[in-house]
> 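Let me begin by handing over the structure; questions about it come next.
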Amino acid sequence: MKTEGGSAAAKRRAGERAATQVEDGTVVGLGTGSTTAHAIRAIGEAVAGGLEVRGVPTSYQSRALAIDVGIPLTTLEEADGIDLAIDGADQIADGDLIKGGGAAHTREKFVAAAADRFLVVADPSKLVADLDRSVPVETLPDARPVVEDRVRELGGEPGLRAAQRKDGPVVTDNGNLVLDCAFGTIDEPGELARGLASIPGVVEHGLFVDMADVTYVGTEDGTDRRTY
Ligand code: 5RP
């Protein structure tokens with residue numbers, strides 16, 4: 001029988017723990033990725049047991065999964081605010097995040113921004129002292145040359161994210177490209193976030209600075225909860 005590996009089990013613990021925070025009668029932001037998928041499935045089980053919630057998905061993937069597990073959906077326009085958003089991360093340093101491994105960070109960011117509380121779920125490999133992964137930058141296709149130049153001026157090296165099992169680039173749910181921008185160790189995430197946001201043609205970048213309220217990191221036998 002196939003057993004669940006350490007990282008997979010940690011993701012499940014984190015996702016399921018965050019799902020316990022969802023209260024009856026609330027609107028929940030549904031993030032994207034394998035860790036959040038555990039939370040979405042757990043919320044689906046709670047809905048089957050009588051919990052009344054509505055979800056705001058952040059991607060094609062989270063929308064499809066939510067439908068599959070029976071979570072009623074709504075939109076930001078329809079919902080009177082979001083009570084709680086749950087989402088994963090690619091790196092976490094002192095509550096600041098790099099997201100966008102699934103190219104969904106634009107929707108993930110405005111859903112998290114609209115939420116009263118933003119819970120981040122992850123396995124321990126995501127915890128770092130300093131952010132140093134490439135930062136995904138969703139870019140309007142026609143703006144790619146100017147965005148690449150400006151990223152280099154900020155000290156980064158942009159790389160167009162290539163699709164797998166399709167020739168050419170990844171195209172986001174919004175019809176845009178993703179530039180993965182390597183900056184080395186990011187000493188001042190807030191400053192870099194402002195710099196990236198100011199580039200014409202950038203739709204959204206994957207630095208989530210000062211947005212997380214709580215992180216749940218799955219451990220060997222439970223979850224580590226930290227507040228910010
Ligand atoms: C998608 C994301 C994901 O939340 C992030 O990539 C983490 O994914 P996983 O939980 O599968 O490790 O930002 O854009």
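We count ligands from 1, going down the list as the structure has it; atoms in each ligand are counted the same way. Because the structure is predicted, anything quoted here is derived from the model rather than measured.
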> Measure the CD-CZ distance between E108 and F208 for me, rounded to the nearest 0.5 Å.
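E108 CD to F208 CZ: 5.5 Å, rounded to 0.5 Å.
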> Determine whether more than 12 heavy atoms belonging to other residues, nucleotides or ligands lie under 6.0 Å from atom OH of Y228.
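Counting other residues, nucleotides and ligands, OH of Y228 exceeds 12 neighbours.
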> Just which atoms of ligand 1 are under 4.0 Å from any heavy atom in G88?
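In order of number, 4 (O).
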> Could you identify the single nearest non-hydrogen protein atom to atom 12 (O) of ligand 1 and state the distance to 0.1 Å?
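Atom 12 (O) of ligand 1 sits closest to the protein heavy atom K126 NZ, 2.6 Å.
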> Could you list which atoms of ligand 1 come closer than 4.0 Å to a heavy atom of G100?
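Per the distance check, 2 (C), 13 (O), 14 (O).
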> Can you list every side-chain hydrogen bond (donor to acceptor under 3.5 Å, both in side chains) pair that touches residues 132-148, not counting sequence neighbours?
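Pairs touching residues 132-148 that pass the test: Q91-D132, T106-E138, E138-T172, E138-N174, E138-N176, R144-E148.
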> Return the CD to CG distance between E45 and L51, rounded to the nearest 0.5 Å.
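Answer for the CD-CG pair, E45 versus L51, is 12.0 Å.
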> As an exercise, identify every atom of ligand 1 less than 4.0 angstrom from a heavy atom of A103.
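Within the 4.0 Å cut-off of A103, ligand 1 contributes 14 (O).
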> Where's the contact between D87 and ligand 1, heavy-atom distance under 4.0 Å: side chain, backbone, both or neither?
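Only the side chain of D87 comes within reach of ligand 1.
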> Which heavy atom of the protein is the closest neighbour of atom 8 (O) of ligand 1, given with residue, atom name and distance?
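Sorting protein heavy atoms by distance from atom 8 (O) of ligand 1 puts G33 CA, 4.0 Å first.
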> Decide whether an N or O pair under 3.5 Å exists between T35 and ligand 1.
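Looking only at distances, the answer is yes, because the N/O contact criterion of under 3.5 Å is met.
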> Drop me the distance from L207's CG to L131's CG, to the nearest 0.5 angstrom.
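Between L207 CG and L131 CG, I get 6.5 Å after rounding to 0.5 Å.
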> Heavy-atom contact under 4.0 Å between A89 and ligand 1?
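The answer is yes: ligand 1 sits under 4.0 Å from a heavy atom of A89.
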> Starting from atom 11 (O) of ligand 1, locate the nearest protein heavy atom and write down its residue, its atom name and how far away it is, to 0.1 Å.
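Going atom by atom, the protein heavy atom closest to atom 11 (O) of ligand 1 ends up being S34 OG, 2.5 Å.
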> Backbone, side chain, both or neither: what part of A122 comes under 4.0 angstrom of ligand 1, heavy atoms only?
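Answer for A122: neither.
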> Closest by any non-hydrogen atom to atom 14 (O) of ligand 1: pick that one out of G102, A37, A39.
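Minimum heavy-atom distance to atom 14 (O) of ligand 1 goes to G102.
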> To the nearest 0.5 angstrom, please state how far the CG atom of D123 sits from the CZ atom of R12.
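Nearest 0.5 Å value for the CG-CZ distance: 13.0 Å.
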> If hydrophobic clusters are built from ILVMFWY residues whose side chains come within less than 4.5 Å, do L160 and I199 share one?
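Shared cluster, yes.
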> Hey, what do you get for OG1 (T215) to CG (L127), rounding to the nearest 0.5 Å?
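Nearest 0.5 Å value for the OG1-CG distance: 7.0 Å.
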> Determine the sole option in T36, V53, D87, L73 for which the side chain to side chain contact (heavy atoms under 4.5 Å, CB included) test with L30 is passed.
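For L30, the side chain to side chain contact (heavy atoms under 4.5 Å, CB included) test succeeds with only one of T36, V53, D87, L73, which is L73.
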> In ligand 1, which numbered atoms sit nearer than 4.0 Å to a non-hydrogen atom of D90?
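With D90 as reference, the close atoms of ligand 1 come out as 5 (C), 6 (O), 7 (C), 13 (O).
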> If you measure only the distance, is there a donor-acceptor pair under 3.5 Å linking the side chains of R107 and T58?
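No, because no side-chain N or O of R107 sits under 3.5 Å from a partner of the opposite role on T58.
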> Could you tell me which atoms of ligand 1, counted from 1 in the order shown, lie closer than 4.0 angstrom to a heavy atom of E108?
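Atoms satisfying the 4.0 Å criterion: 1 (C), 2 (C), 4 (O), 13 (O), 14 (O).
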> Does an N or O anywhere in A104 fall below 3.5 Å from an N or O of ligand 1?
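Yes, since at least one N or O of A104 sits under 3.5 Å from an N or O of ligand 1.
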> Relative to atom 3 (C) of ligand 1, which among L97, V120, T32 owns the nearest non-hydrogen atom?
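Answer by nearest heavy atom: T32.
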